[in-house]
Protein chains: 2
Amino acid sequence: MSAPASAAPLKVGIELGGTKCLMMLGTGPDDIRAQARIETTGPHPTLDAIDDLLRQWRDRHGFEAVGVASFGPLDLDPRSPTHGCVVSTPKPGWSGFDILRRLRCWAVPVGFDTDVNGVALAEARWGAARGLDSFAYVTVGTGIGVGSIVDGRPVRGLGHSEAGHLRIPRPPGSSFAGTCPYHGDCVEGLASGPAVLAHAGLPAEQLSRTDPAWDTVVGALAALFHNLVLTTAPERILLGGGLGMGRPHLLPRLRSALLASLNGYGVADRIAAGIDDFIVPPGLGHRAGPLGALALAIDARDAASR
Amino acid sequence: MSAPASAAPLKVGIELGGTKCLMMLGTGPDDIRAQARIETTGPHPTLDAIDDLLRQWRDRHGFEAVGVASFGPLDLDPRSPTHGCVVSTPKPGWSGFDILRRLRCWAVPVGFDTDVNGVALAEARWGAARGLDSFAYVTVGTGIGVGSIVDGRPVRGLGHSEAGHLRIPRPPGSSFAGTCPYHGDCVEGLASGPAVLAHAGLPAEQLSRTDPAWDTVVGALAALFHNLVLTTAPERILLGGGLGMGRPHLLPRLRSALLASLNGYGVADRIAAGIDDFIVPPGLGHRAGPLGALALAIDARDAASR
C-alpha cells in the first residue's frame with residue numbers, strides 16, 4: 001500500500017568540497033534515488049554542472065528542497081549583505097561568490113551551512129547522535145573542523161564554530177611549534193594531518209602506534225574536548241575525519257586524557273560513568289558529507305512549512 | 001489611564017548567593033516595588049525566610065512568577081531526577097538540596113538557572129546586550145563565571161557553561177602554577193581574584209596598573225575570549241565582576257590581546273572593525289544579580305503562557 005516512489009517528497013543534498021562535489025537525491029541513507037560526483041573547479045563552471053544535474057533530476061524525479069554543505073568559511077548570518085557567500089578562501093574565484101543566491105533560482109527551500117555542521121545534523125538524524133539535542137562532531141584530517149549542536153541546531157552568532165583553532169596548553173616539554181599559519185600551536189596546528197607530518201616527519205598512516213607524535217595529538221584533542229565540554233556542554237563527542245577514523249587505538253587514550261583533564265570538575269563524574277558512550281566514532285562513514293547536505297535540505301523544507 | 005499598580009503583573013527575582021540572598025519584586029529595573037536581603041545559611045532556614053517574604057509579597061502585591069538565579073553548580077537538565085538541585089558544593093547542607101521543588105509550592109511558574117546565566121539574560125533584556133541573540137557575559141571575581149547565550153537562550157546540554165575552567169596556554173616564561181584546585185592554570189586559576197593575590201602577593205585593588213601580574217590576567221582572559229569567539233560565536237563579550245569592573249584600563253589591553261590572538265582568522269576582521277563595541281562593561285551594575293533572577297521569572301512566565 002506504499003505510495004509510488006515517484007510521489008515521495010525527494011530532496012537534494014550537495015556536498016560542496018574543495019576538490020569534489022558529491023550530490024544525492026533521496027529522503028535518507030536508506031532511500032537514495034540518484035547520486036553524482038562533480039569536480040570542483042571555478043565557481044561558475046561548478047555551479048553550471050550542478051544546475052545541469054538538478055535540471056535532470058527535477059525532470060525525472062522532482063525535488064522539493066536543496067541542501068548545500070560547503071567548504072568555508074561561510075557567511076551564515078541572514079542579516080548580512082554577504083549571507084550565503086564564501087567569505088575568503090585561497091581557492092581561485094570562490095572568495096565572495098554567492099552560492100545561496102545561485103541555488104535559490106530553483107524556487108525551492110535551500111538549506112545552507114558548513115560541511116561540518118551538515119555532517120553533525122546528519123549524525124543527529126541517522127547516525128551516532130540520534131536523540132541528542134547537544135553534541136559536538138569533530139573531524140580531524142587536513143584541518144580540524146567542529147560542528148557544535150546546541151538545542152538541536154548548529155551554533156551560530158558572529159560566525160560559526162571554528163573550534164579547531166582554540167588556544168590550548170602546549171604539550172609539556174615539546175618544542176614543536178605547530179603548523180597553523182594563523183595561530184601556530186592551536187589545536188589544528190598540533191593535531192591535524194599536516195601537523196603530524198611536520199612533527200613526526202611521516203604521514204599519520206605510517207606512524208607506529210607508539211610514536212610520541214600521538215602524545216601531542218592526544219593532548220591537543222583532549223584539551224579541545226575539555227574546552228567543548230565547558231563551553232557548549234555536549235552530551236556526546238563524535239570523532240571522525242581521515243585521521244580520527246580508522247585509528248580506534250586513539251579513542252581509549254582520548255577518553256582517559258579527557259577525564260584526567262577535567263579532573264572531577266563539574267559534570268566530569270557523569271561523563272566518566274558513560275565515557276565509552278561519550279567519545280565515539282561517527283555512524284555514517286564515508287557517505288556522511290552528502291548525507292549532511294541532505295539533512296540540511298530536510299531541515300530547510302521543515303522550516304519553510306512551519 | 002494607567003492600571004492601578006496592584007493590577008500589574010509582578011514577578012519575584014531571587015538571587016541566591018553563597019553568603020546572601022537578594023530579592024526583588026517588580027517588572028524591571030525601573031519598576032521595583034519591594035526588595036529584601038536575607039543571609040544565606042543552611043538551606044531550610046534560608047528557604048523558610050524566603051517563603052515568609054514571598055507570603056508577605058503575595059498578600060500585599062501578588063506575583064505571577066518566581067525566578068531563582070543560584071550559586072552552583074546546578075542540575076538544569078529537566079530530564080534528570082535531580083533537576084533543580086545544587087549538584088555539589090562545599091556549603092554545608094546544600095549539596096543535593098532541591099531548590100526548585102521547594103519553590104514550586106507557590107504554584108506559579110518558576111525560572112531556575114545559574115546566577116551568571118541570570119545576569120546574562122538581564123543584560124540582554126535591559127543592559128549592554130540588548131538586541132543580541134548571541135553573546136557572552138564573563139564575570140571575574142573570586143571565581144570566573146561565563147554565561148553564554150546562543151540563539152537567545154543560555155547554553156545547556158550536559159551541564160551548563162563553566163568556561164572559567166577552560167584549558168589555555170600558559171603565560172610565556174611564567175612559573176606561576178595557578179590556583180584552581182581542579183586544573184591549576186586554567187583561566188580561573190590564572191586570572192581570578194585569588195589567583196592575582198597568589199601571583200602578586202597583593203590583592204588586585206592594591207596592585208599598580210603596571211604590575212606584571214596583569215599581563216597574566218590579560219593573557220588568560222584574551223585566551224578565554226579567543227576560545228569563546230570560536231565556540232559559541234558571541235556578537236559581544238560583557239566583562240563584569242569585582243575584578244573586571246572598575247578597572248577600565250584592562251579593556252583596551254584585552255581588546256588588543258584578543259585581536260592579536262585571533263590574528264586575522266575567521267571573523268577577526270569583523271570583530272576588529274567594532275572592537276570597542278565587542279568587549280564592553282555590563283550595563284546593570286550592582287543590581288545585575290537580582291535583576292537576573294527577575295529576568296528568569298519573566299522568561300518562565302512567558303514560557304508558561306506559550
Side-chain angles (χ1 to χ4, degrees), chain A residues 72-73 75-77 80 87-88 132-136 146 148-151 153 155-170 180-187 222-224 226-236 261-271 274 278, chain B residues 72-73 75-77 80 87-88 132-136 146 148-151 153 155-170 180-187 222-236 261-271 278:
Chain A
D75 186 339
L76 300 175
D77 181 353
S80 163
V87 173
S88 68
L132 301 183
D133 284 332
S134 299
F135 67 95
V146 178
S148 278
I149 305 296
V150 168
D151 216 2
R153 289 194 283 188
V155 170
R156 286 190 197 176
L158 188 67
H160 48 76
S161 171
E162 290 282 357
H165 290 268
L166 293 196
R167 294 282 183 187
I168 53 168
R170 287 194 60 78
C180 175
Y182 294 92
H183 312 118
D185 58 2
C186 66
V187 183
L224 168 62
H226 175 116
N227 287 354
L228 290 174
V229 164
L230 300 183
T231 48
T232 57
E235 298 170 275
R236 186 173 293 158
S261 181
L262 292 173
N263 196 26
Y265 184 76
V267 293
D269 288 351
R270 288 172 67 190
I271 291 176
F278 187 76
Chain B
D75 186 338
L76 299 175
D77 181 354
S80 162
V87 173
S88 67
L132 300 183
D133 284 332
S134 298
F135 67 95
V146 178
S148 279
I149 305 296
V150 169
D151 216 2
R153 289 194 284 188
V155 170
R156 287 188 194 179
L158 189 67
H160 47 76
S161 170
E162 290 282 358
H165 290 268
L166 292 197
R167 294 284 185 185
I168 53 168
R170 287 193 59 79
C180 174
Y182 293 93
H183 312 118
D185 58 2
C186 66
V187 183
L224 167 62
F225 295 175
H226 174 116
N227 287 353
L228 290 174
V229 164
L230 299 182
T231 48
T232 57
E235 298 169 274
R236 187 173 293 158
S261 181
L262 292 173
N263 196 25
Y265 185 76
V267 292
D269 289 350
R270 289 172 67 189
I271 291 176
F278 188 75

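Here is how names work: the chains are called A, B, and so on, in the same order as the sequence lines, proteins then strands, and each is numbered from 1.
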Looking at B/T232 and A/V155, would you say the former's side chain and the latter's main chain have a donor-acceptor pair under 3.5 Å? no
Just one of B/L224, B/V150, B/L228 clears the side chain to side chain contact (heavy atoms under 4.5 Å, CB included) bar with A/T231, so which one? B/L228
Is there side-chain contact between A/R270 and B/D77, with heavy atoms separated by less than 4.5 Å? yes
Distance-only, no hydrogens or angles: does the B/N263 side chain make a donor-acceptor pair with backbone N or O of A/H183 under 3.5 Å? no
With rounding to the nearest 0.5 Å, note down the distance linking CZ in B/R167 to CG in A/L166. 14.0 Å
All side chain to side chain donor-acceptor pair (under 3.5 Å) counterparts of B/N227, not counting sequence neighbours: none
Which atoms of B/P234 approach chain A - backbone, side chain, both or neither, heavy atom under 4.5 Å: backbone
Nearest heavy-atom approach of A/G159 to B/V267 is CA-CG1, 3.7 Å
Which one of A/D75, A/L158, A/V87 has the most heavy-atom pairs closer than 4.5 Å to chain B? A/L158
A/H226 backbone acceptor or donor facing B/H165 side chain under 3.5 Å: no
A/A233 and B/R156 have their tightest heavy-atom pair at CB-C, 4.3 Å
Choice from A/S261, A/S161, A/S148 maximising heavy atom contacts with chain B below 4.5 Å: A/S261
Euclidean distance, A/Y265 OH relative to B/C186 SG, rounded to 0.5 Å: 8.5 Å
So which part of B/F225 gets closer than 4.5 Å to some heavy atom of chain A, the side chain, the backbone, both or neither? neither
Under 4.5 Å from any heavy atom of chain A - which part of B/L262: backbone
Sequence neighbours excluded, the answer for side chain to side chain donor-acceptor pair (under 3.5 Å) partners of B/D185 is B/R170
